[in-house]
Amino acid sequence: MSLIKITFPDGTAKEFEKGITPLQISKAISNNLAKEAIVSEINGIRRELNTPINEDSQVKIFTFDNLEGKDTYWHSTSHLMAHAIKEIYPEAKFGVGPSIDSGFYYDIDINTQLTEEDLIKIEKKMQSIIDRNDSFVRNELSKVEALKFFNGDQYKVELIEAFDENNTIISTYGEGIFTDLCTGPHLPSTKYIKAFKLLSVSGSYWRGDEKKARMQRIYGISFPKQKMLDDYLEFLEEAKRRDHRKLGKDLDLFSIHEEAGAGLIYWHPKGARVRNEIEDFWKKEHFKNGYDLLYSPHIGKSQLWETSGHLVNFKENMYSPMQIDEQDYYVKPMNCPFHILMYKSKLRSYRDLPLRWAELGTVYRYEKSGVLHGLLRVRGFTQDDAHIFCSKEQIESEIIEVIRFSNFMWNKFGFGSLKYYVSTRPDKVSGDDELWEQATRSLEIALEKEGLKYEIDEGGGAFYGPKIDIKIKDALNREWQMSTIQFDFNLPKRFDMKYIGEDGKEHVPFMVHRALLGSIERFMGVLIEHYAGAFPDWLAPVQVAVVPVSQNYFEYAQKVVSLLLDENIRVEFDKRNEKIGYKIRDWETQKVPYMLIVGEKEETNGTVSVRKHKHGDQGEIKTNEFISVLKDSINKKNNNN
RNA sequence: GCUGACGUAGCUCAGUCGGUAGAGCACAUCCUUGGUAAGGAUGAGGUCACCGGUUCAAUUCCGGUCGUCAGCUCCA
């Protein structure tokens, strides 16, 4: 009986009998760990919990709390699902079935169109396989053996053929009648899967290529505890309740009109009110931060777009030209060429720099019909655009300012958690190495100086320069890519931009594109979902509803309304012939921050009875006092909900 | 754009195995003047997305177009 040394991630080591498995090791550490263990890593290779270890090794144990654990858990569930499908539809062929950020999917080639009812059937079959507690059995084959084994399954054969002849051990995993090509690792057996749900079925293509075979993709999720699944399903329900398309309708914020064109947004009075508050705030903050505001036209001659390169690089996103005086004019997909024309309208000195020029510029881009989605993906949208023209010496401090500004804006709207990504030079781009290097470095230095962590997106930059993308997290912890800060080495050259330096010579200015909110439409879509439609006081389209107990108090109610109006508070006077219970319900569902109930008592006392959205009756308060508290909240732009 | 599902009143949805349609909410009028999440009665509302085809007859069946939804691919 020989002993081997097992070293753990914290550096401690312990001796075990040769042939011990990670599961047994985790039992030796603690019963809880053994219960929660999902997969292990042996000398840097992820392997099953029941893999015998025969030599001194580094061992890590993963649970569902680790990404590695989730990955294995979901991946095994996708195999379980495929297994169930194979039992129900023996003719089914399978593409790929990986785990994804949340859950898993499997692509299936099957003749019948799967429906929601079929998913229930598959779920039942999955449960019966779990009850059988089939083991996931690993087998290793040579390429020749694998090709033989999967003979007749064109998808698996295609995958196997792509493998390197010599240095790949091809592995398969099987439970019961189902065997799949897979590198693994997997759960020891199907019993480990405690709670799962198949969520949706939709179309996909073999290898994501629409020219290749059409497959059906089933998405699902699984968890080691029923409660976790329940919570996840509740999260999906909550996301549905917050869907900006639904709230946009319910709260009368905006509409989209089939007869007038897809992807084009109509802002109703209430949505326009919110938008107006955001834009006012945005403009004031830009002035404070040393920006100037611009307005530019919506169309420009083809020559402009040729100079800018858009007709070469962006044409598929631009709408067909219109003819004016026998010249082609294009609707703008971006604002930058216009801003550059303004830059070039006179000779610039280094003393003018930096120029920070911002515009809420509405642009139009062709988007494929299938990608349109509410406010989040549209064909006409308003960018909160700005271009910074500066000298080489200024780039670092300018980038820092933009990062700070962006931070400030997101915090103001209640988004705390920001993530930064620096995208570096793509391979295919030729150009000035030094320029790229320097600009990329300045982005990194700016983030480092601000004490911000960032990730590198290697080769993810645009062809014209490196960039910082900022992702935000909303109230449901969902990530959205919104802000972007991009260097542009292309346009200044194309437009022959210059400034006269201290040395009396011409220099090419650095140009930075930046959007803080991204686009107003998308931003509002995210904001609606973030606030679940219950906007904070300063943004709410209706801030106060004055609700008299009966018609007898209309006169007093009117006085209250007038006082509010005098203070520029957005107020509705509810004169409807309904009981107050009805009115309260109505304003509550409209998510109006405050209702002021007024009747005999309030008239006598010169007060209002405040009812706060979601918090109910707050009791009686002097009208003036209410107004000053509300005004204070509005002025401070509190995120008070 | 591609795959699939879907498109009936302002909204949410029934329904018609082919004989031009219904509920609840919302809306209007009247009764009721009510103190913290839906008072009652009456009424008005639809070329059943659009365009063709089949048929004595199409909202229903077939084809196309537009749009929506879930994905694929792509992005602010």
Side-chain angles (χ1 to χ4, degrees), chain A residues 100 105 107 113-116 199-219 240 243 245-246 249-250 252 255-263 314 316-317 333-335 361-363 365-385 462 469-470 480-484 486 513-526 547-554 576-590 595-602 609-620:
Chain A
I100 51 178
Y105 67 79
D107 283 343
Q113 176 62 41
L114 295 169
T115 64
E116 300 283 318
L199 297 168
S200 65
V201 54
S202 63
S204 67
Y205 301 93
W206 173 237
R207 312 208 122 180
D209 183 345
E210 65 189 51
K211 289 181 193 75
K212 296 194 166 141
R214 190 189 86 75
M215 309 192 87
Q216 298 185 65
R217 175 170 295 180
I218 300 179
Y219 286 89
K240 228 185 209 171
D243 191 315
R245 294 166 297 183
K246 179 175 161 44
K249 217 174 254 179
D250 291 351
D252 199 11
S255 57
I256 299 171
H257 297 270
E258 176 184 340
E259 66 271 34
F314 208 69
E316 66 276 18
N317 287 295
M334 292 188 193
N335 304 300
T362 303
V363 298
R365 296 183 188 171
Y366 173 72
E367 297 287 351
K368 291 175 176 180
S369 60
V371 305
L372 299 175
H373 183 92
L375 295 175
L376 302 182
R377 195 72 185 274
V378 295
R379 284 179 172 161
F381 57 98
T382 302
Q383 291 184 307
D384 74 314
D385 206 1
D469 284 330
I470 303 175
W480 305 90
Q481 207 259 286
M482 307 296 281
S483 308
T484 184
Q486 314 187 342
H513 307 259
R514 56 105 274 206
L516 300 182
L517 307 178
S519 85
I520 301 293
E521 285 74 9
R522 175 179 283 182
F523 175 70
M524 282 194 60
V526 171
V547 182
V549 171
S550 82
Q551 285 177 7
N552 299 332
Y553 312 105
F554 272 20
R576 288 177 298 181
N577 181 12
E578 297 288 352
K579 291 190 170 183
I580 72 163
Y582 176 93
K583 294 185 185 180
I584 284 168
R585 179 187 152 78
D586 193 45
W587 291 113
E588 193 64 25
T589 58
Q590 286 295 304
M595 286 175 241
L596 302 182
I597 314 293
V598 294
E600 189 177 357
K601 191 172 60 172
E602 290 79 7
S609 282
V610 179
R611 196 175 208 287
K612 195 163 156 47
H613 176 62
K614 277 196 150 171
H615 298 280
D617 193 354
Q618 306 289 299
E620 215 178 330

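Order of the sequence lines sets the chain letters (A, B, ...), proteins ahead of strands, with each chain counted from 1.
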Measure all distances between protein nitrogen or oxygen atoms and nitrogen or oxygen atoms of nucleotides 63-68 of chain B, and list the pairs falling under 3.5 Å.
unit_1 : atom_1 : unit_2   : atom_2 : d
B:C66  : O2     : A:Glu258 : OE2    : 3.2

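- Between A:Glu521 and A:Thr382 the shortest side-chain heavy-atom distance falls below 4.5 Å.
- By the 5.5 Å and 30° criteria, A:Tyr219 is not stacked with the base of B:G71.
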Tabulate atom names and distances for all N/O pairs under 3.5 angstrom spanning the protein and nucleotides 36-40 of chain B.
unit_1 : atom_1 : unit_2   : atom_2 : d
B:U36  : O2     : A:Arg611 : NE     : 2.6
B:A37  : OP2    : A:Arg611 : NH2    : 3.3
B:A37  : N6     : A:Glu588 : OE2    : 3.3
B:A38  : N7     : A:Arg585 : NE     : 3.3
B:A38  : N7     : A:Arg585 : NH1    : 3.4
B:A38  : N7     : A:Arg585 : NH2    : 3.4
B:A38  : N6     : A:Arg585 : NH2    : 2.3
B:A38  : N1     : A:Arg585 : NH2    : 3.3

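- Look at the C1' atom in both B:G67 and B:C30: the space between them is 41 Å, to the nearest Å.
- In this structure, A:Phe523 reaches neither bases nor backbone, as no heavy-atom distance under 4.0 Å exists between it and the strands shown.
- When the P atom is used for both B:U20 and B:A26, the distance is 31 Å, rounded to whole Å.
- Residue A:Asn552 contributes atom CG, which lies 13 Å from atom P of B:U32 at whole-angstrom precision.
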>> Could you go through A:His613 and A:Glu588, starting from their C-alpha distance and side-chain angles, then the distance that decides it, and tell me whether this counts as side-chain contact (heavy atoms from CB on, under 4.5 Å)?
In response: CA-CA 6 Å; A:His613 176 62; A:Glu588 193 64 25; 3.0 Å; yes
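- Rounded to the nearest Å, the gap between the P atom of B:G4 and that of B:U42 is 49 Å.
- Comparing B:C69 with B:C11, their P atoms are spaced 14 Å from each other, to the whole Å.
- At a cut-off of 3.5 angstrom, the base of B:C75 holds no donor-acceptor pair with the side chain of A:Arg365.
- Within the nucleic acid shown, A:Glu600 comes within 4.0 Å of at least one base atom, counting heavy atoms only.
- Evaluation of atom-type donor-acceptor distances gives a pair under 3.5 Å for the side chain of A:Glu367 against the base of B:A76.
- For A:Met482 and A:Gly374, each mapped to the nucleotide of RNA chain B holding its nearest heavy atom, the one lying further toward the 5' end belongs to A:Gly374.
- Separating the C1' atom of B:A57 from that of B:G22 is a span of 22 Å, rounded to the nearest Å.
- Rounded to whole angstrom, the span from the NZ atom of A:Lys368 across to the P atom of B:C75 amounts to 10 Å.
- As rounded to the nearest Å, B:C61 and B:G46 have C1' atoms that lie 22 Å from one another.
- In this structure, CZ of A:Phe314 is placed 11 Å from C1' of B:C74, rounded to the nearest angstrom.
- A donor-acceptor pair under 3.5 Å links the side-chain atoms of A:Gln618 to the main chain of A:Gly616, judged by distance alone.
- Looking at residues two or more places apart in sequence or on another chain, you find no ring pair (Phe, Tyr, Trp, His ring centres under 6.0 Å) involving A:Tyr553.
- For the pair A:Asp617 and A:Met595, the minimum side-chain heavy-atom distance is 4.5 Å or more.
- The NZ atom of A:Lys249 sits 8 Å away from the C1' atom of B:C11 (whole-angstrom rounding).
- Syn is the classification of B:G45, since its glycosidic angle stays within 90° of 0.
- A:His373 has its side chain out of reach of A:Val371: every pair of non-hydrogen atoms, C-beta onward, lies at least 4.5 Å apart.
- For the pair A:Leu375 and A:Ser200, both in contact range of RNA chain B, the more 5′-proximal nearest nucleotide belongs to A:Ser200.
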> Which is it for A:Tyr582 and A:Arg576 under the side-chain contact (heavy atoms from CB on, under 4.5 Å) test, yes or no, and what are the steps along the way?
Replying inline: CA-CA 10 Å; A:Tyr582 176 93; A:Arg576 288 177 298 181; 4.3 Å; yes
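- Using C1' as the reference atom, B:U59 and B:C50 are 13 Å apart when rounded to the nearest Å.
- What separates CZ of A:Arg522 from C1' of B:C75 is a distance of 7 Å, to the nearest Å.
- Between the side chain of A:Glu600 and the backbone N or O of A:Glu602 there is no donor-acceptor pair closer than 3.5 Å.
- For A:Trp480, the ring pair (Phe, Tyr, Trp, His ring centres under 6.0 Å) criterion is met by no residue, not counting sequence neighbours.
- Within 4.0 Å (heavy atoms only), A:Val378 reaches at least one base atom of the nucleic acid.
- Between the CG atom of A:Asp252 and the P atom of B:C11 there is a distance of 12 Å, given to the nearest Å.
- Residues passing the side chain to side chain contact (heavy atoms under 4.5 Å, CB included) test with A:Phe314 are A:His310, A:Asn317, A:Met318, A:Pro333, A:Met334, A:Arg365, sequence neighbours excluded.
- Contacts of A:Gln383 with the nucleic acid, taken as non-hydrogen atoms under 4.0 Å apart, are absent.
- Rounded to the nearest Å, the gap between the C1' atom of B:U55 and that of B:G63 is 16 Å.
- Rounded to an integer number of Å, the gap from CD of A:Gln590 to C1' of B:A26 is 11 Å.
- In this entry the distance linking CD1 of A:Ile100 with C1' of B:G71 reads 11 Å, nearest Å.
- Taking a pair as Watson-Crick or G-U with both hydrogen-bonding distances under 3.5 Å, the stems of three or more pairs touching RNA chain B are B:1-7 with B:66-72, B:10-13 with B:22-25, B:27-31 with B:39-43, B:49-53 with B:61-65.
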